[in-house]
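Working notes, structure below.
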Amino acid sequence: MTPANHVVILDFETTGLSPDNGDRAIEIGAVKMVDGKIVDSFQQLMNPGRRVNSFIENYTGISNQMLLNADNCETVMADFADFIGDFNLVAHNASFDKKFLDAEFQRINHCYNGKFACSLLLSRRIHQDAPNHKLGTLVDYHQLPTDGVFHRALADATMTGYLWQHQLETIEQLSKKAPLSFEQILTITAMPKAKVASYLANL
DNA sequence: TGCCAGGCCCTCTTTAGGGCCTT
């Protein structure tokens, strides 16, 4: 069993929505959580080899000028592979970050076999009362720590880390069981919403 | 030239459509 509070929480900023359409990562941010505490962090801009459009510059605050002198994606992703080691991973809307992680790792022939959990899928199951499940909304809704920066990789990864810890505490209170395993969380995110309550009650 | 993501999840569903999320 792998503890659910022993993970790397990550967030990519990218040139667009799909690596299948040629989009690349421009920033990776991550925090390492051990026993529910953030013990390390990683943040690097990376030069995607082409200009980013004005929407992305405005959305992220990452300008083409900032990317000019950044290391290329391959260099940064090799360092990031060392950072995550064999930790399991968490991201908010993980399907998005996973496809960029897989695409960038494939470019450097790095094989990663850890598991990936999604804080958005978890929120839909255990906080159905939330107004919506955007990261910024959940940070406000749960009154989580924030420095007011959004859409930068380390800031978003850090907020997702606090969200993840809050979600684990919620599940522990509902199930009266602790510690939780990463596999149990994956089970919850894969089940229909209607079955979550009874699953937690019998955990 | 024109087009351009995709998985999740709900419902007026499953022979489908559309909103939610991520950049």
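Chain naming here is simple, since letters A, B, ... match the order of the sequence lines and numbering starts at 1 in each.
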A:Y141 has an atom OH; how far is it from atom P of B:dC21, in whole Å? 14 Å

Euclidean distance for C1', B:dC8 against B:dT14 (whole angstrom): 16 Å

Expressed as a whole number of Å, how far does the P atom of B:dC3 sit from that of B:dG7? 23 Å

Nucleotide of B:dG6, B:dA5, B:dC8 approaching A:N93 most closely (side-chain heavy atoms): B:dG6

Report the distance from atom CG of A:D102 to atom P of B:dG6, rounded to the nearest whole Å. 14 Å

If you assign A:D20 and A:M191 each to the DNA chain B nucleotide with the nearest heavy atom, which residue ends up on the more 5' nucleotide? A:D20

Name the residue closer to the 5' end of DNA chain B, choosing between A:N21 and A:E13 according to the nucleotide with the nearest heavy atom. A:N21

If we ignore hydrogens and angles and just use 3.5 Å, is the side chain of A:N88 paired with the main-chain N or O of A:K115 as donor and acceptor? yes

Is there a side-chain polar atom (N or O) of A:R125 under 4.0 Å from OP1 or OP2 of B:dC9? yes

Are the side chain of A:R24 and the backbone N or O of A:G49 linked by a donor-acceptor pair below 3.5 Å? no

Whole-angstrom distance between B:dC4 and B:dC10, as gauged at atom P: 27 Å

For A:L67 and B:dT23, what is the distance between atoms CG and C1' respectively, to the nearest whole Å? 14 Å

Report which part of the nucleic acid A:N132 touches: base, sugar-phosphate, or nothing (heavy-atom distance under 4.0 Å, all strands). sugar-phosphate

Indicate, with a heavy-atom threshold strictly under 4.0 Å, whether A:L121 touches base, sugar-phosphate, or nothing. sugar-phosphate

Give the rounded distance in Å between these two atoms: CG of A:L17 and P of B:dA5. 8 Å

Using atom P in both nucleotides, what's the gap between B:dC20 and B:dC12 to the nearest angstrom? 16 Å

Describe the nucleic acid contact of A:F100 in one word from base, sugar-phosphate, nothing, applying a heavy-atom distance below 4.0 Å. nothing

Would you mind telling me which of B:dT23, B:dG6, B:dC21 lies closest to the side-chain atoms of A:K134? B:dC21

Of the options B:dA5, B:dC9, B:dT23, whose atoms approach the side-chain atoms of A:Y59 most closely? B:dT23

With a cut-off of less than 4.0 Å, is there a side-chain N or O of A:H133 near OP1 or OP2 of B:dC20? no

Within the 6.0 Å centroid threshold, strictly below: A:H92 and A:H133: no

Contact class for A:D97 vs. all strands (heavy atom < 4.0 Å): base, sugar-phosphate, or nothing? nothing

Base, sugar-phosphate or nothing for A:T15? Non-hydrogen atoms, less than 4.0 Å. nothing

Considering only atom C1', compute the distance from B:dC9 to B:dT13 and round it to an integer number of Å. 12 Å

Can you tell me how far C1' of B:dT22 sits from CG of A:L89, to the nearest Å? 16 Å

Taken to the nearest whole Å, CG/A:L120 to P/B:dC10 is 12 Å

Would you list the pairs meeting ring pair (Phe, Tyr, Trp, His ring centres under 6.0 Å) in which at least one residue belongs to residues 21-47 of chain A, sequence neighbours left out? A:F42-A:F80, A:F42-A:F83

Heavy atoms under 4.0 Å, any strand shown: does A:N58 hit a base, just sugar-phosphate, or nothing? nothing

With rounding to whole Å, what would you report as the distance between B:dT15 and B:dG19 at their C1' atoms? 22 Å

Going from CD1 on A:I126 to CD on A:Q167, what distance comes out if it is rounded to the nearest 0.5 angstrom? 4.5 Å

What is the separation between atom CD1 on A:I188 and atom P on B:dC9, rounded to the nearest whole Å? 13 Å

So, are A:D156 and A:R152 salt-bridged, with charged N and O less than 4.0 Å apart? no

Nearest-Å distance, CD (A:E27) to C1' (B:dT22)? 15 Å

Provide the distance between the two C1' atoms, one in B:dT23 and one in B:dG6, to the nearest whole Å. 13 Å

Under 4.0 angstrom, heavy atoms only, what part of the nucleic acid is A:K99 near: base, sugar-phosphate, or nothing? base

Summary of ring pair (Phe, Tyr, Trp, His ring centres under 6.0 Å) pairs that have at least one residue in residues 176-197 of chain A, sequence neighbours excluded: none

Side-chain N or O of A:K98 closer than 4.0 Å to phosphate OP1/OP2 of B:dT22: no

